[in-house]
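What follows is one structure encoded as structure tokens, with my remarks underneath.
Model, not experiment: these values are computed from the prediction.
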Amino acid sequence: MISQKYVVLDIEGTVCAISFVKDILFPYFLEALPSKLNDHFSSCPPPDLQPYIDAFPPTVRTSYDCLYAYIRDLTIADKKVSELKALQGYVWRKGYETGELQAPLFPDVYKAFDLWTGASSFEEGKRNIYIYSSGSVDAQILLFAHTEQGDLTGGIQGYFDTVSAGLKTEITSYVKIAEQIGNEVDPSEILFLSDNVKEITAAKEAGWEAYIVERPGNAPLSEEDRKAHKVIQNFESLI
């Protein structure tokens with residue numbers, strides 16, 4: 001059982017397969033994008049869509065073709081752009097609400113959530129769970145609210161993205177998150193789990209404990225990575 005009181009989780013490659021985002025969420029977004037842009041450029045654009053479109057640079061909002069090509073290229077390149085992430089969250093919300101989308105978390109993640117949120121005390125395994133992902137906070141909440149085993153958001157204490165905390169490879173982002181978790185929190189009381197070596201390195205340099213999660217489909221780890229960091233294949237060893 002882990003000794004840290006706080007667990008901060010990455011999403012892609014950590015709690016669910018990278019393929020869910022690349023093979024399910026991104027294609028769903030690109031398939032729905034033409035209809036959303038048609039709505040925007042219509043005579044009666046939906047008011048709830050307008051702020052998401054307005055967040056893109058004015059130079060690419062001059063026509064449907066220009067905006068579509070810009071957003072499509074950002075998506076294919078998986079750019080960590082805040083306005084793109086926000087629009088993706090807007091589109092995915094519709095898919096989750098209709099049941100077209102469900103998040104397939106790894107089975108061991110559900111087991112960990114059950115213990116961390118269901119235990120009555122720290123000694124029995126209770127932990128405070130936070131999420132830190134490059135996807136927008138809205139998209140994070142949608143994912144955990146619509147997993148294959150139901151809504152897990154009730155057990156999550158907070159969410160962080162690159163807008164609220166900063167880039168995941170920067171030490172200052174982890175310092176900021178620790179401060180937001182609590183002014184009296186010792187960074188060593190926080191455990192970060194991610195598949196990204198650079199993120200793990202930044203978290204450790206901020207004083208956190210951090211483990212690399214090695215899942216099927218994740219980028220291969222070098223021998224140097226394995227020597228420098230603790231590597232786990234699932235959450236079983238944490239509970």
Side-chain angles (χ1 to χ4, degrees), residues 6-22 24-26 28-30 33 51-57 60 67 70-93 96 101 103 105 109 128-146 152-153 156-182 185 187 190-213 215 218-219 229:
Y6 310 92
V7 182
V8 179
L9 302 172
D10 172 48
I11 294 180
E12 296 177 51
T14 300
V15 302
C16 71
I18 288 178
S19 59
F20 174 63
V21 175
K22 295 190 180 300
I24 303 297
L25 291 184
F26 281 3
Y28 183 91
F29 172 73
L30 289 174
L33 183 60
Y52 295 94
I53 299 299
D54 288 346
F56 289 94
V60 303
L67 185 56
Y70 181 78
I71 295 174
R72 178 201 60 204
D73 291 348
L74 288 179
T75 302
I76 292 172
D78 192 15
K79 294 294 185 181
K80 313 302 183 184
V81 180
S82 59
E83 57 266 32
L84 172 66
K85 296 300 181 182
L87 180 61
Q88 287 173 338
Y90 172 85
V91 172
W92 291 334
R93 182 182 300 113
Y96 283 118
L101 294 175
L105 305 190
V109 175
N128 294 306
I129 303 172
Y130 295 83
I131 309 299
Y132 182 28
S133 172
S134 58
S136 69
V137 166
D138 284 348
Q140 295 173 33
I141 294 172
L142 283 169
L143 185 147
F144 283 100
H146 299 86
L152 302 184
T153 57
I156 299 174
Q157 305 300 311
Y159 304 84
F160 302 95
D161 59 17
T162 55
V163 175
S164 61
L167 296 177
K168 297 179 71 183
T169 54
E170 295 183 354
I171 301 171
T172 53
S173 302
Y174 298 89
V175 173
K176 187 174 183 178
I177 289 174
E179 291 172 346
Q180 293 188 46
I181 289 176
V185 172
I190 307 173
L191 172 64
F192 180 52
L193 303 174
S194 172
D195 64 308
N196 187 297
V197 176
K198 291 181 179 179
E199 295 172 6
I200 293 298
T201 300
K204 290 173 72 172
E205 290 180 353
W208 294 22
E209 187 68 28
Y211 304 159
I212 299 174
V213 182
R215 300 282 196 182
N218 288 5
H229 308 287

Within this structure, what is the [atom1]-[atom2] distance for the pair [X] and [Y], rounded to the nearest 0.5 Å?
X      : Y      : atom1 : atom2 : result
Asn128 : Gln157 : CG    : CD    : 5.0 Å
Leu193 : Glu199 : CG    : CD    : 11.5 Å
Leu67  : Ile53  : CG    : CD1   : 5.5 Å
Ile141 : Tyr159 : CD1   : OH    : 5.0 Å
Glu83  : Ser136 : CD    : OG    : 12.0 Å
Arg72  : Leu84  : CZ    : CG    : 13.0 Å

Minimal non-hydrogen separation, [X] against [Y], with atom names:
X      : Y      : answer
Val81  : Leu74  : CG2-CD2, 4.2 Å
Phe160 : Ala165 : CB-CB, 4.1 Å
Ala210 : Ala203 : CB-CB, 4.1 Å
Ser164 : Gln180 : O-NE2, 3.7 Å
Lys168 : Ser134 : CD-N, 3.7 Å
Ser173 : Gly166 : OG-C, 3.2 Å

Lys198 atom NZ, neighbour heavy-atom count above 12 within 6.0 Å: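 Open: at most 12 neighbouring heavy atoms sit under 6.0 Å from NZ of Lys198.
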Trp92 side chain to Leu25 backbone, donor-acceptor under 3.5 Å: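 Side chain of Trp92 to backbone of Leu25: a pair is present.
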Min side-chain heavy-atom separation [X]-[Y] under 4.5 Å:
X      : Y      : answer
Phe192 : Ile177 : no
Ile11  : Gln140 : yes
Ile18  : Asp195 : yes
Ile71  : Leu87  : yes
Asn196 : Thr14  : no
Val163 : Lys85  : no
Tyr90  : Asp138 : no
Asp78  : Lys22  : yes

Plane angle bin for Tyr174 and Trp208 - parallel if under 30°, tilted between 30 and 60°, otherwise perpendicular: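 Plane angle over 60°, so perpendicular.
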Parallel, tilted or perpendicular, as decided by the 30° and 60° cut-offs, for the rings of Tyr130 and Tyr6: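 Taking Tyr130 first and then Tyr6, their aromatic rings sit tilted (interplane angle of 30° to 60°).
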Residues Ile181, Val8; criterion side-chain contact (heavy atoms from CB on, under 4.5 Å); working and verdict: CA-CA 10 Å; Ile181 289 176; Val8 179; 4.3 Å; yes
Working for side-chain contact (heavy atoms from CB on, under 4.5 Å), residues Leu33 and Phe29: CA-CA 6 Å; Leu33 183 60; Phe29 172 73; 4.1 Å; yes
Pairs where residues 172-181 contributes a residue and the test salt bridge (Lys or Arg N to Asp or Glu O under 4.0 Å) is met, not counting sequence neighbours: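 Pairs touching residues 172-181 that pass the test: none.
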Check against side-chain contact (heavy atoms from CB on, under 4.5 Å), Phe26 and Ile76: CA-CA 8 Å; Phe26 281 3; Ile76 292 172; over 6 Å; no
Chi angles and distances behind the side-chain contact (heavy atoms from CB on, under 4.5 Å) call for Lys79, Asp73: CA-CA 9 Å; Lys79 294 294 185 181; Asp73 291 348; over 6 Å; no
